[in-house]
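Keep in mind the model is a prediction, meaning the values are calculated, not measured.
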Amino acid sequence: MLDRTGIRGRGMDKVELRRQLLNRLLALSDEQRQDKSRRACRNLIATQRFQEASTIMMFLSLPHEVDTSDAILHAWQLGKTVAVPKISWQQRHMIPVGICSLETGFSTGALGLRNPVDGVPIPFDQIDLVVSPALGYDRRGNRLGRGAAFYDRFFANKTLTAARCGFAFIEQVVDSIPVTETDEPVDFLVTDEGVIGCDQQKGA
């Protein structure tokens with residue numbers, strides 16, 4: 001079964017699906033990406049979970065990903081604490097740290113990934129909502145990351161009770177994501193076309 005983007009997710013291996021989804025992202029023009037990002041952020045901001053959260057963990061977007069900047073700025077306007085991942089490539093894990101600016105305090109690594117230089121660590125149990133990136137999602141909440149499993153390990157932490165939101169363009173939502181036992185799903189998806197509730201039946 002082909003999804004609306006023409007990608008056949010079911011039965012496809014992760015490597016090939018990643019390649020096709022990345023090509024979909026790279027095919028978007030800067031103008032399309034900016035417009036769709038603004039709409040996605042408006043949809044995220046309007047959700048009850050965003051409105052009720054005191055501490056939100058967002059991600060710092062890669063150049064070709066949905067841009068989270070509008071949602072982060074709005075969260076600050078509402079007086080919310082915003083955390084972002086601080087990644088340790090050597091230890092293969094990430095910790096949430098609070099930030100107060102999108103302009104300073106970051107190093108830039110491979111592919112334009114921004115990583116906080118410092119920042120105050122935020123305890124896992126204080127986070128109310130985690131907004132996660134991925135290359136692709138299906139409507140059951142299964143996510144396909146880039147292969148390093150940072151978010152799978154992060155979500156598996158037992159002290160984390162936050163709601164899990166997948167954030168992406170509608171082009172990244174496919175019919176089915178291949179999953180393994182260590183893959184961690186999200187509770188709902190937000191795209192530029194709306195909000196999708198997920199049943200969390202892993203691999204269903």
Side-chain angles (χ1 to χ4, degrees), residues 36-62 65-87 93-102 105-106 113-116 119-146 148-170 172-173 177 183-202:
K36 291 164 73 67
S37 292
R38 283 192 292 267
R39 285 189 278 139
C41 283
R42 285 198 297 269
N43 291 336
L44 174 61
I45 289 164
T47 64
Q48 184 176 357
R49 281 169 166 155
F50 185 97
Q51 291 290 326
E52 292 181 349
S54 296
T55 299
I56 301 175
M57 183 171 174
M58 302 288 293
F59 62 93
L60 297 168
S61 308
L62 292 168
E65 288 181 326
V66 56
D67 189 350
T68 58
S69 298
D70 283 358
I72 291 174
L73 293 172
H74 192 78
W76 283 331
Q77 290 171 0
L78 294 176
K80 301 179 186 297
T81 297
V82 175
V84 297
K86 183 174 183 177
I87 296 171
H93 76 102
M94 62 188 193
I95 60 170
V97 297
I99 61 168
C100 298
S101 171
L102 288 173
F106 306 103
L113 177 65
R114 288 173 291 165
N115 204 26
V120 178
I122 303 294
F124 282 43
D125 59 2
Q126 290 184 17
I127 302 171
D128 302 304
L129 174 64
V130 178
V131 179
S132 72
L135 281 174
Y137 292 95
D138 64 26
R139 292 175 182 270
R140 287 167 293 278
N142 299 310
R143 59 183 298 279
L144 181 69
R146 296 174 183 273
F150 280 102
Y151 274 88
D152 290 320
R153 289 191 293 273
F154 184 81
F155 283 142
N157 190 300
K158 299 303 181 184
T159 62
L160 182 71
T161 59
R164 307 173 181 185
C165 170
F167 195 51
F169 298 128
I170 192 64
Q172 296 172 257
V173 180
I177 295 289
D183 291 331
E184 294 282 341
V186 296
D187 301 314
F188 65 108
L189 302 177
V190 175
T191 75
D192 49 297
E193 291 197 357
V195 180
I196 303 169
C198 304
D199 59 20
Q200 289 207 44
Q201 294 180 21
K202 183 189 289 188

- CZ of Arg38 to CG of Asn43, rounded to nearest 0.5 Å, is 13.5 Å
Show me, pair by pair, the donor-acceptor contacts under 3.5 angstrom made by side chains of residues 119-134, not counting sequence neighbours?
residue	atom	partner	partner atom	Å
Asp128	OD2	Ser54	N	2.8
Asp128	OD2	Thr55	N	2.9
Ser132	OG	Tyr137	OH	3.2
Ser132	OG	Cys165	O	3.4

- Query: Rounded to the nearest 0.5 Å, what separation is found between the CD1 atom of Ile95 and the CG atom of Asn157?
  - Reply: 12.0 Å
- Task: Measure the shortest side-chain to side-chain distance between Leu160 and Phe155 over non-hydrogen atoms and say whether it is less than 4.5 angstrom.
- Result: yes
- Kindly give the heavy-atom pair with the smallest separation between Val66 and Ser61, and that separation in Å. O-OG, 2.7 Å
- Any side-chain heavy atom of Met57 sitting closer than 4.5 Å to one from Pro85? yes
- Query: Sub-3.5 Å donor-acceptor pair from the side chain of Lys36 to the main-chain atoms of Ile170, do we have one?
  - Reply: no
- Message: When you measure from the side chain of Asp138 to the backbone of Ile177, do you find a donor-acceptor pair of N or O atoms at a distance under 3.5 Å?
- Response: yes
- Task: Apply side chain to side chain contact (heavy atoms under 4.5 Å, CB included) to Phe150 and Ile87, showing your working.
- Result: CA-CA 9 Å; Phe150 280 102; Ile87 296 171; 3.7 Å; yes
- How many angstroms lie between NE2 in His74 and CD1 in Ile56, if you round to the nearest 0.5 Å? 9.5 Å
- Query: Hey, are Glu184 and Arg164 close enough for a salt bridge, meaning a charged N less than 4.0 Å from a carboxylate O?
  - Reply: yes
- Message: Any heavy-atom pair between the side chains of Arg49 and Phe188 that's under 4.5 Å?
- Response: yes
- For the residue pair Val190 and Phe50, establish whether any side-chain heavy-atom pair is separated by less than 4.5 Å. no
- Message: So Phe59 and Val84, do their side chains get closer than 4.5 Å, heavy atoms only?
- Response: no
- Message: So does Ala53 get a backbone contact from the side chain of Lys80, meaning a donor-acceptor N/O pair under 3.5 Å?
- Response: yes
- Query: Do you know which two heavy atoms are closest between Pro96 and Ala83, and how far apart they sit?
  - Reply: CB-CB, 4.1 Å
- Message: With heavy-atom distances below 4.5 Å as the criterion, would you say the side chains of Thr191 and Arg39 are in contact?
- Response: no
- Can you check salt bridge (charged side-chain N to carboxylate O under 4.0 Å, His left out) on Glu65 and Arg114, steps first, answer last? CA-CA 13 Å; Glu65 288 181 326; Arg114 288 173 291 165; over 6 Å; no
- Determine, for Arg42 against Glu193, whether the closest basic-nitrogen to carboxylate-oxygen distance falls under 4.0 angstrom. no
- Check step by step if side chain to side chain contact (heavy atoms under 4.5 Å, CB included) holds for Asp70 and Leu44. CA-CA 10 Å; Asp70 283 358; Leu44 174 61; over 6 Å; no
- Task: Look at the side chain of Gln172 and the backbone N and O of Phe169, then say whether any donor-acceptor pair between them is shorter than 3.5 Å.
- Result: yes
- Interatomic distance, Arg153 atom CZ to His93 atom NE2 [nearest 0.5 angstrom]: 9.5 Å
- Item | Rounded distance [0.5 Å steps], CE in Met94 versus CG in Asn115 | 11.0 Å
- Task: Under the side chain to side chain contact (heavy atoms under 4.5 Å, CB included) rule, what do Leu144 and Asn142 come out as? Steps first, then yes or no, please.
- Result: CA-CA 7 Å; Leu144 181 69; Asn142 299 310; over 6 Å; no
- Query: When rounded to the nearest 0.5 angstrom, what distance separates CG in Asp187 from CD1 in Ile196?
  - Reply: 14.0 Å
- Query: Does Ser37 offer a backbone N or O that forms a donor-acceptor pair with the side chain of Asp67 under 3.5 Å?
  - Reply: no
- Aromatic rings Tyr151 and Phe154: how do their planes relate, parallel, tilted or perpendicular, breaks at 30° and 60°? perpendicular
- Given side chains that start at C-beta, do those of Leu135 and Arg143 come closer than 4.5 Å, heavy atoms only? no
- For Val173 and Arg139 the tightest heavy-atom approach is CG1-CG, 4.1 Å
- What's the verdict on side chain to side chain contact (heavy atoms under 4.5 Å, CB included) for Leu62 and Leu113, showing C-alpha distance, side-chain angles and the deciding distance? CA-CA 6 Å; Leu62 292 168; Leu113 177 65; 3.7 Å; yes
- Item | Heavy-atom check, side chain of Thr47 versus side chain of Val195, under 4.5 Å | yes
